[in-house]
Amino acid sequence: MKYKDGKPGPQGDRGSRAVPISIMFVVLCGFSFYLGGIFCSERNRFETKIVANDVQSPKESSVTPLQIKPIKFAECSSDYQDYTPCTDPRRWKKYGLHRLTLMERHCPPISERKECLVPPPNGYKVPIKWPQSRNQCWYRNVPYNWINQQKSNQNWLRKEGDKFLFPGGGTMFPKGVGAYVDLMQDLIPEMTDGTVRTAIDTGCGVASWGGDLLDRGILTVSLAPRDNHEAQVQFALERGIPAILGIISTQRLPFPSNSFDMAHCSRCLIPWTEFGGIYLLEIHRILRPGGFWILSGPPVNYENRWRGWNTTVEEQKSDYEKLQDLLTSMCFKLYNKKDDIAVWQKSSDNSCYDQLANPDAYPPKCDDSLEPDSAWYTPLRPCVVVPSPKLEKSTLTSIAKWPKRLHVTPERISDVYGGSANTFKHDDSKWKVRIKHYKKLLPAIGSDKIRNVMDMNTAYGGFAAAVVDDPLWVMNVVSSYALNTLAVVFDRGLIGTYHDWCEAFSTYPRTYDLLHLDGLFTAESHRCDMKYMLLEMDRILRPNGYAIIRESSYFVDAVASMAKAMRWGCRKEDTEYGIEKEKILICQKKLWYSSNKPSSSSR
């Protein structure tokens with residue numbers, strides 16, 4: 001050792017001092033160990049009594065449940081009865097009118113989230129049961145007069161007494177949707193033999209087209225924004241017809257590529273040829289190779305219709321030619337045409353897209369950096385998403401026909417991490433067992449009490465497949481943060497959407513009869529506040545509706561406590577396997593009416 005000046009320091013008698021210090025250290029350690037042993041033995045004896053009283057034995061439970069403080073939710077004011085948090089007209093002024101971006105999803109920041117229960121309208125009644133609901137609903141459940149006053153002459157709907165009636169008319173089919181679809185089937189024979197199973201209706205009105213197709217074995221997602229037509233999607237869901245809030249604007253629709261067998265627009269007023277054809281490019285992306293795009297309304301049949309469109313025949317002819325050129329550039333071919341209906345078919349032959357290699361081609365081919373299935377807040381791009389050439393069995397001409405399609409292993413399961421024919425078959429079998437058990441716990445499944453169902457975090461659509469013969473339909477939701485299995489769901493002939501459960505779903509209040517989740521809180525609690533997830537479930541669940549909450553034992557009691565604060569009644573049940581680490585909550589939402597007056601804000 002040296003000092004800072006570099007001179008050696010005095011060594012001293014180090015050996016004589018080291019021995020006494022070592023002995024003292026050993027003695028002190030031994031004494032401390034003795035005292036610690038006495039103290040710990042008494043402390044452990046004391047703590048054992050307390051723990052034994054609070055924690056169940058391993059035989060009863062191996063999981064310590066999540067504990068939460070008692071909570072109480074206030075009622076929202078009555079002017080929030082139709083509250084749609086992410087498509088709220090109160091917030092439209094913050095966003096632009098260009099391409100109607102104000103009608104896209106714009107969720108409120110955390111500081112503006114509502115922590116209250118959305119009330120039903122005064123006079124709300126339990127919805128009319130299916131199939132009667134397809135033709136009528138209670139006026140007080142969807143009390144909107146504007147759409148009735150504006151569209152009753154086109155037979156969209158009409159008010160009679162305390163009900164809205166739906167004659168099945170539309171702007172392009174005032175004589176009835178049945179005759180309209182009959183003509184469509186003459187033009188597209190594939191609609192009658194199980195080839196066409198899934199469809200999307202953009203600008204759906206009150207979803208009469210989708211409602212008619214249900215009897216023809218075709219499952220349709222009816223899509224419309226929240227706009228001046230007042231609650232088109234709410235009318236659809238009140239009728240028991242699948243629908244979701246949405247608009248083709250600046251972002252992709254929340255569906256995977258190559259999914260729908262058919263897309264439809266009946267005078268939906270979407271400017272298909274504007275902005276470089278970007279809206280039609282999105283239809284091309286989500287439409288399966290070999291799928292059909294149907295257009296009725298301007299500019300189809302312009303030769304006979306132009307006088308009623310406040311335009312000139314020359315303008316309409318030019319618009320039709322632009323549309324035809326654009327469709328050709330995207331590998332669509334005119335399939336059939338009669339009267340007001342024109343049908344184009346997306347090519348199932350990828351050699352058609354070779355023309356996009358030309359540097360002057362427009363629209364160009366999307367580059368490889370753009371994931372075809374990325375569809376959650378993904379901006380629209382003015383380019384063609386070319387179907388993968390390896391999807392040989394997923395084209396409309398190759399995929400199995402309905403209903404065989406439901407249980408055939410989809411080709412795209414190989415794109416899912418860990419996915420295989422074996423995992424698919426195992427999932428299919430598992431859900432048959434689970435649904436049998438669910439029906440014992442909740443006999444309302446399969447009855448007229450349950451029509452609109454949501455599987456909040458599906459994998460392969462197993463829940464929906466197991467109840468396919470019941471008088472209900474299922475919206476299959478795949479988390480935008482989970483494995484992308486939604487393409488597999490569509491390939492089975494089922495419908496669904498991407499969603500992030502940290503945000504509100506794209507629907508109106510009181511639109512589902514049954515919500516099902518399988519480990520959703522376990523999967524998302526690290527990202528999403530469980531309180532807001534449950535409040536969102538309450539918003540979209542109908543009064544007297546049910547929730548099946550399948551969760552780990554860690555979350556079940558906390559969920560039940562919050563559910564009680566939402567005025568739900570719940571009971572805890574065993575799973576079909578009777579294991580302790582997982583339980584099932586069967587809950588029912590109570591019908592209550594608001595005691596609050598309208599106000600400008602509610603917390």
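The structure displayed is predicted, hence computed values, not measured ones. Side chains included, hydrogens not; waters and symmetry mates left out as well; all remaining heavy atoms used.
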**Request:** Tell me, with the steps shown, if Asp212 and Arg134 meet salt bridge (charged side-chain N to carboxylate O under 4.0 Å, His left out).
**Result:** CA-CA 9 Å; Asp212 182 88; Arg134 177 162 42 192; over 6 Å; no
**Request:** Please test Leu494 against Val474 for side chain to side chain contact (heavy atoms under 4.5 Å, CB included), starting from the C-alpha separation and ending with a verdict.
**Result:** CA-CA 8 Å; Leu494 305 171; Val474 180; over 6 Å; no
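Once rounded to the nearest 0.5 Å, the distance linking CG of Asp513 with CG of Leu541 reads 8.0 Å. Here the straight-line distance linking atom CZ of Phe490 with atom CD1 of Ile286 works out to 8.0 Å at 0.5 Å rounding. Rounded to the nearest 0.5 angstrom, Ser552 OG and Lys581 NZ are separated by 10.0 Å.
The local environment of NZ in Lys129 is crowded, with over 12 non-hydrogen atoms from other residues, nucleotides or ligands closer than 6.0 Å. His426 NE2: 12 or fewer foreign heavy atoms inside a 6.0 Å radius. In this structure, Tyr577 places its OH atom where more than 12 heavy-atom neighbours from other residues, nucleotides or ligands lie under 6.0 Å away. The number of heavy-atom neighbours closer than 6.0 Å to NZ of Lys425, taken from other residues, nucleotides and ligands shown, is above 12. Residue-environment remark: CZ (Arg405) exceeds the threshold of 12 foreign heavy atoms within 6.0 Å. Atom NZ of Lys125 has more than 12 neighbouring heavy atoms from other residues, nucleotides or ligands inside a 6.0 Å radius. Summarising the local packing, NZ of Lys365 is surrounded by 12 or fewer heavy atoms from other residues, nucleotides or ligands at distances under 6.0 Å.
Counting only residues at least two apart or on different chains, the disulfide bond (SG atoms under 2.5 Å apart) pairs with a member in residues 436-510 are Cys502-Cys528.
Looking at heavy atoms from C-beta onward, Ile248 lies in side-chain contact with Ile283 at the 4.5 angstrom threshold. In this structure the side chain of Leu187 never reaches within 4.5 angstrom of the side chain of Met184, judged on heavy atoms. Side-chain contact between Val181 and Arg216 is present, with heavy atoms from C-beta onward closer than 4.5 Å. Side-chain contact between Thr458 and Phe463 is absent, with no heavy atoms from C-beta onward closer than 4.5 Å. Under the 4.5 Å side-chain criterion, counting only non-hydrogen atoms from C-beta, Ile549 is not in contact with His516. Taking the side chain as every heavy atom from C-beta outward, Glu573 and Arg571 approach each other to under 4.5 Å. When side chains are defined from C-beta on, Glu551 does not count as touching Leu585, because their heavy atoms never get closer than 4.5 Å. No side-chain heavy atom of Leu517 sits less than 4.5 Å from a side-chain heavy atom of Arg550.
For the residue pair Glu582 and Tyr554, no side-chain donor N or O sits within less than 3.5 Å of a side-chain acceptor on the partner. A side-chain donor-acceptor contact under 3.5 Å links Ser296 and Tyr180. Judged by distance alone, the side chains of Ser351 and Asp349 do bring a donor and an acceptor atom under 3.5 Å apart.
For the pair Arg434 and Asp427, the salt-bridge criterion is not met [side-chain N within less than 4.0 Å of a carboxylate O]. Using a 4.0 Å cut-off between a side-chain N of Lys or Arg and a carboxylate O of Asp or Glu, Asp500 and Arg527 qualify as a salt bridge. Classification of Asp261 and Arg197 as a salt-bridged pair fails, no side-chain N sitting under 4.0 Å from a carboxylate O. Checked for salt-bridge contact, Asp518 and Lys430 miss the test: no charged N lies under 4.0 Å from a carboxylate O. Ion pair Arg451/Asp470 not flagged as a salt bridge, since none of the NZ, NE, NH1 or NH2 atoms sits closer than 4.0 Å to an Asp/Glu carboxylate oxygen. In summary, Arg492 and Asp428 engage in a salt bridge, as defined by a charged side-chain N under 4.0 Å from a carboxylate O. Remark: Lys338 does not engage Asp186 in a salt bridge, criterion side-chain N to carboxylate O under 4.0 Å.
In plain terms, the two heavy atoms of Cys383 and Leu370 that are nearest each other are SG-CD2, 4.2 Å. The two residues Asp373 and Ser257 have their closest heavy-atom pair at OD1-OG, 2.6 Å. Heavy atoms only, all atoms of each residue included: Cys137 and Glu238 are closest at CB-CG, 3.6 Å.
Test Thr511, Leu534, Val118 against Arg539 for side chain to side chain contact (heavy atoms under 4.5 Å, CB included) and you get one pass: Val118. Shown are Thr202, Thr220, Asp201; of these, the side-chain hydrogen bond (donor to acceptor under 3.5 Å, both in side chains) with His264 is made only by Asp201. Just one residue in the list Tyr377, Trp376, Phe255, Tyr481 forms a ring pair (Phe, Tyr, Trp, His ring centres under 6.0 Å) with His499, and that residue is Trp376. Here the rule is side-chain hydrogen bond (donor to acceptor under 3.5 Å, both in side chains) with Thr84, and of Gln234, Arg105, Arg226 only Arg226 fits it.
Leu281 is linked by a side-chain contact (heavy atoms from CB on, under 4.5 Å) to Met330, Pro363, Val384, counting only residues two or more places apart in sequence or in another chain.
Taking the six-membered ring for Trp and the full ring otherwise, the centers of Trp473 and Tyr512 sit less than 6.0 Å from each other.
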